[in-house]
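Heads up: the structure comes next, in structure tokens.
Below, read A as the first sequence line, B as the second, and so on, with proteins coming before strands; counting in each chain starts at 1.
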Number of protein chains: 2
Amino acid sequence: MASSLKDVARYAGVSIKTVSNVVNGYVHVSAVTRAKVQQAIAALNYRPNTAARHLRQGRSGVIALALPELRAPYFAELAGFVVEAADERSLKVLIEQTDGARDRELEITEGVPGHLIDGLILSPLALTEDDLEQRTDRLPMILLGEQITDGAADRVVVDNVAAAEEAVAHLVSLGRRRIAAIGAQDAAPGATARLRLRGYRQALRRAGIAYDPSLVIPVEQFHRHDGALAMQGLLDLAQPPDAVFCFNDLLGLGALRTLLSHGLSVPGDVAVVGFDDIEESQYSTPTLTTVAPDKEEIARTAIDLLIKRFSGDHDALPRSVNPTYRLICRESTLGG
Amino acid sequence: MASSLKDVARYAGVSIKTVSNVVNGYVHVSAVTRAKVQQAIAALNYRPNTAARHLRQGRSGVIALALPELRAPYFAELAGFVVEAADERSLKVLIEQTDGARDRELEITEGVPGHLIDGLILSPLALTEDDLEQRTDRLPMILLGEQITDGAADRVVVDNVAAAEEAVAHLVSLGRRRIAAIGAQDAAPGATARLRLRGYRQALRRAGIAYDPSLVIPVEQFHRHDGALAMQGLLDLAQPPDAVFCFNDLLGLGALRTLLSHGLSVPGDVAVVGFDDIEESQYSTPTLTTVAPDKEEIARTAIDLLIKRFSGDHDALPRSVNPTYRLICRESTLGG
DNA sequence: CGTTCGGTTTACAACGATGTACAAGCTGCT
DNA sequence: AGCAGCTTGTACATCGTTGTAAACCGAACG
């Protein structure tokens, strides 16, 4: 059985409160008493009970991170950074997977965990602005990676339009003219896809290249499989593209796989750009050119915003932070 | 402010305990009272306070999953399954990253989270048997992926020796005779590496192939980078290998990268086998032959074992479960 | 010598939920 | 009518912790 303040108090021959004072570093405790108590704590291997503390103080020291799925490397890497950043602030992270399903996301914003957590970092796929407006829960929440226009919560999100434009501009600068896009999504769960598509079109316009809808391939999910399939479709065209901008790295890696298995050369025949800079993209053959958001900065910023909410400015206006990103050019566009 | 049983009780005009009874589905509550209470609950948007429940019942409904790092795809995928399996049992999962550091692992087995969690699933890298014997914490714990001989805790771990042997036997069956191994580790944190090495040697012995220590390459970590480096070393040998057994997929993918960038053909010149079957291995070029442990089974088993510990047989003898695995043969050994 | 002062320690009441014990109301039996 | 036995509801203590208020003590002061 775990020991409590009561046990320590009895063992040390002092009151419960005194032990509590020692544990919490209260100043006015005599050296003698402090020593006695500390010895008792060591002897009984006492550890404060988080549940009781939580009940008393209304703070659990736990936050939730809700993301579509851990098996997607981008989210896994991001989650790793979040856990790390949280750890530095003595916070624990509880993981929820939404599969990008709207009802799961909704459920989570409405505080499923029942007072279990102090705050929430949510990376939504399907949630709409309206869903958020109707939110009744007062739990501090940070949104990741969705450009839901000024809403009810803090947001940390890269400038998807600018980043996408930069990626496509890179392809243009290499002399590519028939540039495809893989990853379009019409349905509600597609804010990110729409923004990256906008960046793509903007880059084309600036380069004076006509927009060709047949080069924009929609996908169901942002997985390797969808990328491979989409690329297959592009190769079947009468006039295949000479470059592809994929809305994330997994799509890009899937596309790569299809290209190579058709004996095509990358970037010789087709150049490929991704988005996310997952670790895998540094080791694929060829390595993948990609837009790299600073994931560590994203994680750290999200945690900091949450902590700000905890302490005081509970009702400040929602903040929006754009983390830095950069285009990393690798073999899939520059060649080996 | 969140509402409590007290508020609901006042609103419904009944006692606190009656509300509690309704919430907990106690049978002997009249239909009228139940309706009144339920209406009050809805009106006040009442949600039970987890902290209070936890304090009272000694159960939080939260477990911790401690693993080296989420950015390693194997652990990310595994974590995904664990969260999923836990969700089905109404458990929440809190993630801890150890970086495979012994002191972090030790800290965690000693119950850092302070009564915050009901149980622990730990995937140790550095922990030794002795460390575990000295464990004082009574928290139910399940060990993943380490073959620490019958210790103080339940274990879920594939038969590394048999699996490794099967992988190498596959290479032998393809006519390979100069088979290297990448991933040896001498230091304490290397139980897994040692077992896979044993399987490797066993397969060689069975095939009547002499053991050549120069073909066994040690690594610091099981990352792509280490695999790439190790492969480089092998290629620099006077007599390079015609096959490589990598102790995990990341090492294998790193090795692949080195081979291809040297213009070598896989499996033409060198065949490669990995271990873990991470998703990436289905999409690499060439796709990677690998030992695939059933991750979903591992996760489910771990959760089930934990739950068994919660309910009663707190002091049953430690169980050890060997999840199933299978060798999946892909292009890196069979060719395209 | 009584008073005040400050540091040190303690008793008590919360936080929100639930198990125990028991009271009140009802039924049905002798 | 009296009593057992059941249903339905309540009061109270409790889980481990901490904030509040107050008690205690020796020292310093007038």
Worksheet item: When we call it a touch if two heavy atoms are under 4.0 Å apart, what does A:Y46 touch: a base, just sugar-phosphate, or nothing?
Response: sugar-phosphate

Worksheet item: Does the D:dT14 base have a donor-acceptor partner in the side chain of B:R56 within less than 3.5 Å?
Response: yes

Discussion item. Regarding A:K295 and A:E77, does a basic nitrogen lie under 4.0 Å from an acidic carboxylate oxygen?
Written reply: yes

Worksheet item: Of all the nucleotides listed (D:dT7, D:dT10, C:dT10), which has the minimum atom distance to the side chain of B:N21?
Response: D:dT10

Worksheet entry | A:S15 side-chain N/O to C:dA11 phosphate OP1/OP2 under 4.0 Å | no

Worksheet item: Is there a side-chain contact between A:R34 and A:V37, using heavy atoms and a 4.5 Å cut-off?
Response: no

Worksheet, complete the sentence: Taking for A:S20 and for A:K6 the nucleotide of DNA chain D with the nearest heavy atom, the one nearer the 5' end belongs to A:K6

Worksheet item: Which atoms form the tightest heavy-atom contact between B:Y46 and B:L5, and what is the distance?
Response: OH-CD2, 3.4 Å

Worksheet item: Rounded to whole angstroms, how far apart are CG on A:L55 and P on C:dA13?
Response: 17 Å

Worksheet entry | salt bridge (Lys or Arg N to Asp or Glu O under 4.0 Å) partner of B:D304, the single match among B:R309, B:R319, B:R89 | B:R89

Worksheet entry | Atom-to-atom span, CD1 of A:I16 to P of D:dG16 - whole angstrom | 10 Å

Practice prompt. Between C:dT8, C:dC15, D:dC15, spot the one nearest the side chain of A:Y26, thanks.
Written response: C:dT8

Item to complete: Would you tell me if any nitrogen or oxygen in the side chain of A:T33 comes within less than 4.0 Å of OP1 or OP2 on C:dT9?
Response: yes

Worksheet item: With sugar-phosphate meaning primed atoms plus P, OP1 and OP2, does B:S4 contact a base, only sugar-phosphate, or nothing at under 4.0 Å between heavy atoms?
Response: sugar-phosphate

Worksheet item: Nearest to the side chain of B:N24 - D:dT18, D:dC15, C:dT18?
Response: C:dT18

Practice prompt. Tell me which of A:V27 and A:K17 sits closer to the 5' end of DNA chain C, going by the nucleotide each one is nearest to.
Written response: A:V27

Fill in: Separation of atom CG in A:L5 from atom C1' in C:dT10, rounded to whole Å
14 Å

Item to complete: Give A:V14 one of three labels, base, sugar-phosphate or nothing, depending on what nucleic acid heavy atoms sit under 4.0 Å from its own.
Response: sugar-phosphate

Worksheet entry | Protein-nucleotide distance (A:D7, atom CG; D:dG16, atom P), rounded to Å | 8 Å

Fill in: For atom CD of B:Q57 and atom C1' of C:dG16, their distance in whole Å
12 Å

Discussion item. Check this for me: does any side-chain nitrogen of one of A:R135 and A:E110 sit under 4.0 Å from a carboxylate oxygen of the other?
Written reply: no

Worksheet entry | Residue A:N49, side-chain atoms from C-beta onward, closest of D:dG16, D:dT18, C:dT10 | D:dG16

Discussion item. Between the side chains of B:R104 and B:E107, is the shortest nitrogen-to-carboxylate-oxygen separation below 4.0 Å, so that they form an ion pair?
Written reply: yes

Worksheet item: Between atom CZ in B:R10 and atom P in C:dG16, what is the gap in whole Å?
Response: 11 Å

Worksheet item: Given atom NE2 of B:H28 and atom P of C:dA23, what is their separation to the nearest angstrom?
Response: 19 Å

Worksheet entry | Phosphate OP1/OP2 of D:dG9: any B:T18 side-chain N/O under 4.0 Å | no

Discussion item. When you measure from the side-chain N and O atoms of A:R53 to the phosphate of D:dG16, is any distance below 4.0 Å, counting only OP1 and OP2?
Written reply: no

Worksheet item: For B:S30, which contact category applies under a 4.0 Å heavy-atom criterion: base, sugar-phosphate, or nothing?
Response: sugar-phosphate

Worksheet item: Of B:G13 and A:A52, whose closest DNA chain D nucleotide lies nearer the 5' terminus?
Response: B:G13

